[in-house]
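Scroll down for the structure; my scribbles are underneath it.
This is a predicted model, so every value here is computed, not measured.
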Amino acid sequence: MRLVITGLAIFALVLSACDRAHKRDVDALSARLQHALRHREFPEAEKIARQILLLASNDGEAWGAIVEARLQANDLEGAEKTLGDWRVSDRKANSKFEEASGDIALAHHDQQSAILRWQKALGIDPRNERVLRKVAELEHERQHWAEEETAWNALIKLHDSAESRLRRALIRRQLRRWEDAMADLQMARSLAPQNTLVQDWSQRFERLGKFLDEIRELDANINASPADPSLLGDRALVFLRAGDAELALADAEGARKLAIWAVRPKLLQAIALLELDRADECERLRVRTSIRLAELTPETLETLRRLDGQISVERTNPELFISRAWQLNEIGQPLLAQQDAQTALTLDHKAAGALAEWSYALTKLGQADEALNKIKLATDLDPHLATAWQYRGEIEMMRGETVSAIDSLSHALQLNQTAVALQKRAECYRKIGYNARAEEDLRALQDLTARAMR
């Protein structure tokens, strides 16, 4: 009997020693696995993970590493097969399994399923910072600001850091919770005063702070009238002046959705896109990338705001579209000007002003022949339209038709004396050697300029 007991004791000791050796092997491999994952050496991580599974078939870290390695290799089918094998090996509720399921759902572009899986993982392990970050990043991409803030709240409770505070400050900025955003930024500053990103955003918030009174007033007005595109456009403009192109873009896009007929939101959206280095997106707006906020006068922006508002209630008034086309031509946006001119002509096929603005836009688009045809139609339809005669003279000058240009500019000046028409006609006179007449026009130009300055 003593021999049996002794034998069993020795066997137990041997088993225990084997278990300890087995655990040491798994721990050593796990340390190597974590190192490979931290350094994003996914092929090596997968190799180590498979070695671990030979020793511990239910090791969640190893299974998860293989799934991640397959996803990094763009082998979605392999990742799904690994997930299936994992489920067969371990049927217990597992945070790592739910996380990997969410990763695969995201690879399928199923964002909602990914979020649900990751939330399930957090239900099992609410302190998993990695999964909380995944949730925060995806909610940011979906622009679900409140949900993203919730994720950062949980992360900050687990581990406060300058990065987390800054990220939450930016979310609270999206939510227009200015005081909370400023408080988080201040905490980020205290945690990492030398951090370049924190310093950069501190400067941006400082500039934004100079406009906060105006922004708060607009916030209140927009909350009271959320369907007013003019108010959203006003706030987009303030954000642009405050140097926050991201918030400006959101408001400009919102204004465009509410008022598809308006042009001011398009212009503001384009300016924001340019500041965000997304110039290629301006083409679909029909806005030239030469546009800059600094070159748009407050008077021009206010005029466009007014015209947008008038068009919203008088959608069949061709004169409003002609006026807006003129403004758009003046600020170097011929595509939008052409669009408005065409709309005016559908409303009134005899609108000479629309033809004139269309002609001017075509000139800027490099279509001189078609521009000349349109402007001739305009002067035929309305011989008393000074603007059309002036445009016609300028086009004829470009084509080298100097005598015709003098005739057209003379018609324009008989109807309305402008500095541009006088200057252009003087240039034409000089070309054909009529220097005395050129001097007369230049003196008239000086007199006109002097009167305008009084």
Side-chain angles (χ1 to χ4, degrees), residues 38 40 129-130 132-219 222 232-254 267-282 289-296:
R38 277 197 305 274
R40 302 186 65 79
E129 292 187 35
R130 182 179 62 249
L132 280 167
R133 281 184 173 276
K134 288 180 180 182
V135 170
E137 295 294 346
L138 185 51
E139 295 294 21
H140 182 85
E141 186 179 335
R142 300 203 301 171
Q143 297 187 0
H144 291 179
W145 312 124
E147 291 80 358
E148 184 185 354
E149 183 188 24
T150 299
W152 287 114
N153 289 344
L155 280 162
I156 288 169
K157 282 182 181 178
L158 293 172
H159 176 225
D160 204 351
S161 69
E163 182 210 357
S164 297
R165 287 286 183 166
L166 179 59
R167 292 294 297 271
R168 193 171 69 174
L170 299 184
I171 294 311
R172 289 175 165 179
R173 153 182 155 271
Q174 292 283 1
L175 294 168
R176 313 295 192 258
R177 286 166 47 198
W178 307 112
E179 287 76 13
D180 290 341
M182 296 290 187
D184 269 342
L185 181 65
Q186 185 59 42
M187 180 59 74
R189 275 201 207 116
S190 66
L191 290 169
Q194 303 305 318
N195 183 286
T196 304
L197 202 56
V198 171
Q199 290 177 345
D200 178 53
W201 274 105
S202 295
Q203 291 175 2
R204 295 195 200 186
F205 269 84
E206 186 176 341
R207 183 174 176 184
L208 187 65
K210 297 174 182 177
F211 295 83
L212 269 186
D213 288 343
E214 193 174 352
I215 291 169
R216 286 193 184 97
E217 184 178 348
L218 283 166
D219 287 346
I222 289 168
L232 278 173
D234 292 343
R235 193 169 66 181
L237 181 56
V238 175
F239 281 134
L240 282 175
R241 288 171 175 159
D244 198 325
E246 188 180 3
L247 293 186
L249 180 61
D251 277 350
E253 287 176 341
L267 300 175
L268 298 177
Q269 184 177 349
I271 292 168
L273 288 169
L274 288 167
E275 293 190 11
L276 294 168
D277 295 323
R278 293 162 58 183
D280 55 313
E281 296 178 48
C282 291
T289 55
S290 56
I291 190 168
R292 295 293 182 273
L293 182 62
E295 295 172 8
L296 298 178

TODO: Using a strict cut-off of less than 4.0 Å between a Lys/Arg side-chain nitrogen and an Asp/Glu carboxylate oxygen, indicate whether Asp184 and Arg167 qualify as a salt bridge.
DONE: no
Open item on the list: Is any side-chain heavy atom of Phe239 closer than 4.5 Å to one of Leu208?
Closed with: yes
Task: Arg204 bridged to Glu246 by N-O distance under 4.0 Å - done: no
Task: side-chain contact (heavy atoms from CB on, under 4.5 Å), paired with Arg173, selected from Ile171, Leu170, Leu175 - done: Leu170
Task: Glu217 side, atom CD; Leu212 side, atom CG - distance, nearest 0.5 Å - done: 13.0 Å
Task: Atom CD of Glu129 with >12 non-hydrogen neighbours under 6.0 angstrom - done: yes
- [ ] Verify the neighbour count for atom CD of Gln199: are there more than 12 heavy atoms of other residues, nucleotides or ligands below 6.0 Å?
- [x] yes
Task: Exam field: side chain Arg176 to backbone Gln174, donor-acceptor pair closer than 3.5 Å - done: yes
TODO: Check whether any side-chain heavy atom of Leu237 lies under 4.5 Å from a side-chain heavy atom of Asp251, and answer yes or no.
DONE: no
Task: Closest heavy-atom pair and its distance - Leu273, Cys282 - done: CB-SG, 4.3 Å
Task: Polar side-chain atom of Glu148 near backbone of Gln143 as donor-acceptor pair, under 3.5 Å - done: no
TODO: Give a yes or no on whether the backbone of Thr289 and the side-chain of Arg292 come within a donor-acceptor separation of less than 3.5 Å.
DONE: yes
- [ ] Salt-bridge test for Glu139 and Arg142: reply yes if a basic N is under 4.0 Å from a carboxylate O, no otherwise.
- [x] yes
Task: Lys/Arg N to Asp/Glu carboxylate O, Arg133 vs Glu163, below 4.0 Å - done: yes
Task: Lys/Arg N to Asp/Glu carboxylate O, Asp219 vs Arg216, below 4.0 Å - done: no
TODO: May I ask you to test the Leu185-Ser202 pair for a side-chain heavy-atom distance under 4.5 Å?
DONE: yes
TODO: Flag the pair Asp160 and Arg165 as a salt bridge only when some basic side-chain nitrogen lies within less than 4.0 angstrom of an acidic carboxylate oxygen.
DONE: yes
Open item on the list: Parallel, tilted or perpendicular, judged at 30° and 60°: which one describes the rings of His140 and Trp145?
Closed with: perpendicular
- [ ] Flag the pair Thr150 / Val135 as yes when at least one side-chain heavy-atom distance between them is below 4.5 Å, and no otherwise.
- [x] no
